Amino acid sequence: MSPKEIRVLLVDDEEELIEYLSKRLLREGFLVKAVTSGELALQAIEEQDYDVALVDLKMPGMDGIETQRQLKQKCPYLQTVVLTGHGTLQAALDSGREQAFRFLQKPADHEEMVNTIRDAAQKKDLDCRAMFKDEVMSITSSGSSPRDIVRGVEDLRKKYRLD
């Protein structure tokens with residue numbers, strides 16, 4: 001997966017920070033959508049599929065832990081990276097329970113953030129390919145007609161962005 005294909009959802013209530021990070025990540029070739037709340041992140045995930053979400057922990061309204069939980073419910077293969085200036089051991093443990101891919105402290109080293117995004121996107125791709133393979137096996141052994149099998153596989157390719 002090349003960086004130009006990686007879709008990043010950036011969730012942080014600090015508008016200046018997300019504007020700055022968005023510009024830097026765009027220069028790296030990522031497709032970036034920046035939102036200022038967990039609620040807006042949930043709306044964004046309804047409109048577009050993302051590979052990685054960088055989520056701040058401390059936000060008014062829905063905090064980062066709840067945002068991760070709800071994003072994962074809507075998109076189980078989405079990889080979340082916690083980006084916070086309030087990094088405590090408990091916060092890391094709570095994020096881990098929500099299956100955060102990694103926990104980065106603000107201000108995060110740019111190269112580390114870029115590499116983390118790439119690694120997280122690669123994990124999502126591998127997870128999706130494994131699930132795709134399992135679902136194709138299920139379709140082919142279901143006794144469906146060849147035409148239905150082809151249609152089903154095409155639908156799965158779109159679902160897992162394996163075009």
Side-chain angles (χ1 to χ4, degrees), residues 1-133 157-163:
M1 180 177 288
S2 74
K4 291 188 190 296
E5 298 172 0
I6 297 173
R7 295 178 183 159
V8 178
L9 179 61
L10 183 54
V11 187
D12 197 309
D13 61 318
E14 297 177 45
E15 290 184 35
E16 289 178 15
L17 177 65
I18 61 172
E19 184 177 328
Y20 171 76
L21 288 177
S22 293
K23 287 178 182 176
R24 292 204 65 191
L25 294 175
L26 285 166
R27 275 189 242 129
E28 293 289 339
F30 298 114
L31 300 172
V32 180
K33 168 82 174 182
V35 296
T36 56
S37 71
E39 293 84 2
L40 291 173
L42 295 176
Q43 287 177 9
I45 205 89
E46 292 288 335
E47 297 166 4
Q48 171 121 18
D49 180 43
Y50 293 92
D51 301 302
V52 181
L54 270 70
V55 181
D56 184 25
L57 279 185
K58 299 287 185 181
M59 297 183 289
M62 185 186 305
D63 70 6
I65 302 286
E66 181 63 19
T67 299
Q68 286 180 85
R69 188 182 70 70
Q70 290 195 33
L71 286 172
K72 288 289 233 176
Q73 282 179 343
K74 292 182 179 289
C75 186
Y77 300 105
L78 175 73
Q79 298 299 307
T80 58
V81 175
V82 174
L83 182 63
T84 187
H86 306 281
T88 65
L89 178 58
Q90 187 59 48
L93 291 172
D94 290 344
S95 293
R97 279 190 219 109
E98 297 305 327
Q99 301 173 352
F101 180 78
R102 197 153 298 146
F103 187 88
L104 299 176
Q105 289 271 67
K106 288 180 187 175
D109 175 75
H110 182 70
E111 187 174 330
E112 180 183 14
M113 184 185 313
V114 167
N115 289 335
T116 297
I117 291 168
R118 288 184 178 136
D119 292 347
Q122 184 176 25
K123 180 175 182 343
K124 181 192 180 209
D125 185 58
L126 292 172
D127 290 350
C128 285
R129 287 180 186 280
M131 195 60 183
F132 172 79
K133 182 179 173 185
R157 284 188 172 288
K158 290 176 188 169
K159 175 181 175 180
Y160 293 112
R161 282 183 48 208
L162 299 175
D163 302 22

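Nothing here was measured: the structure is a model prediction, and the numbers come from that model. Numbering of residues begins at 1 and proceeds along the displayed sequence.
Side-chain polar atoms of Q70 and E66 form a donor-acceptor pair below 3.5 angstrom.
F30 places a side-chain heavy atom less than 4.5 Å from the side chain of V114.
Here the shortest heavy-atom pairing between D13 and K58 reads OD1-O, 3.4 Å. The shortest heavy-atom contact between I45 and L42 is CG2-O, 3.2 Å. A121 and V52 make their closest contact through N-CG2, 3.6 Å (heavy atoms, listed as atom of the first residue, atom of the second, distance). Summarising the geometry of V8 relative to L54, their closest heavy-atom pair is CG1-CD1, 3.9 Å, with the distance given to 0.1 Å. The two residues V82 and A100 come nearest to each other via the heavy atoms CG2-CB, 3.9 Å. V81 approaches A120 most closely through the heavy-atom pair CG2-CB, 4.4 Å.
When the shell of 6.0 Å around CD of Q48 is examined, it contains more than 12 heavy atoms from other residues, nucleotides or ligands. Heavy atoms of other residues, nucleotides or ligands lying less than 6.0 angstrom from CD of Q73 number more than 12.
The NE2 atom of H110 sits 7.5 Å away from the OH atom of Y20 when rounded to the nearest 0.5 Å. T67 OG1 to M59 CE: the interatomic distance, rounded to the nearest 0.5 Å, is 3.5 Å. With rounding to the nearest 0.5 angstrom, the CG atom of L9 is 13.5 Å from the CD atom of Q79. Atom-to-atom distance recorded for Q122:CD and R118:CZ is 11.5 Å, nearest 0.5 angstrom. Rounding to the nearest 0.5 Å places CZ of R7 at 15.0 Å from CD1 of I117. Put simply, OG1 on T80 and CZ on R69 are 13.0 Å apart, with the number rounded to the nearest 0.5 Å.
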Determine, step by step, whether T116 and L104 satisfy the side-chain contact (heavy atoms from CB on, under 4.5 Å) criterion, reporting the C-alpha distance in whole Å, the side-chain angles of both residues, the deciding distance to 0.1 Å, and the verdict. CA-CA 9 Å; T116 297; L104 299 176; 4.2 Å; yes
Step by step, work out the side-chain contact (heavy atoms from CB on, under 4.5 Å) result for K33 and V35. CA-CA 7 Å; K33 168 82 174 182; V35 296; 4.0 Å; yes
Check the pair V11, S37 against side-chain contact (heavy atoms from CB on, under 4.5 Å), reporting the backbone distance first and the verdict last. CA-CA 6 Å; V11 187; S37 71; 6.0 Å; no
One pair to check against salt bridge (Lys or Arg N to Asp or Glu O under 4.0 Å): D119 and K124. What are the steps and the verdict? CA-CA 9 Å; D119 292 347; K124 181 192 180 209; over 6 Å; no
Residue pair Q68, L71: steps toward the side-chain contact (heavy atoms from CB on, under 4.5 Å) verdict: CA-CA 5 Å; Q68 286 180 85; L71 286 172; 5.8 Å; no
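For Y77, the ring pair (Phe, Tyr, Trp, His ring centres under 6.0 Å) partners at least two apart in sequence or on another chain are Y160. Checked against side chain to side chain donor-acceptor pair (under 3.5 Å), D127 has the following partners two or more places apart in sequence or in another chain: K123. Shown here are the side chain to side chain donor-acceptor pair (under 3.5 Å) partners of T36, two or more places apart in sequence or in another chain: there are none.
Ion pair K106/D12 flagged as a salt bridge, since at least one NZ, NE, NH1 or NH2 atom sits closer than 4.0 Å to an Asp/Glu carboxylate oxygen. Under the 4.0 Å criterion applied to side-chain N and carboxylate O atoms, R24 and E28 are not assigned as salt-bridge partners.
Just one of L26, I6, L21, I18 meets the side-chain contact (heavy atoms from CB on, under 4.5 Å) condition when paired with V32; it is L26.
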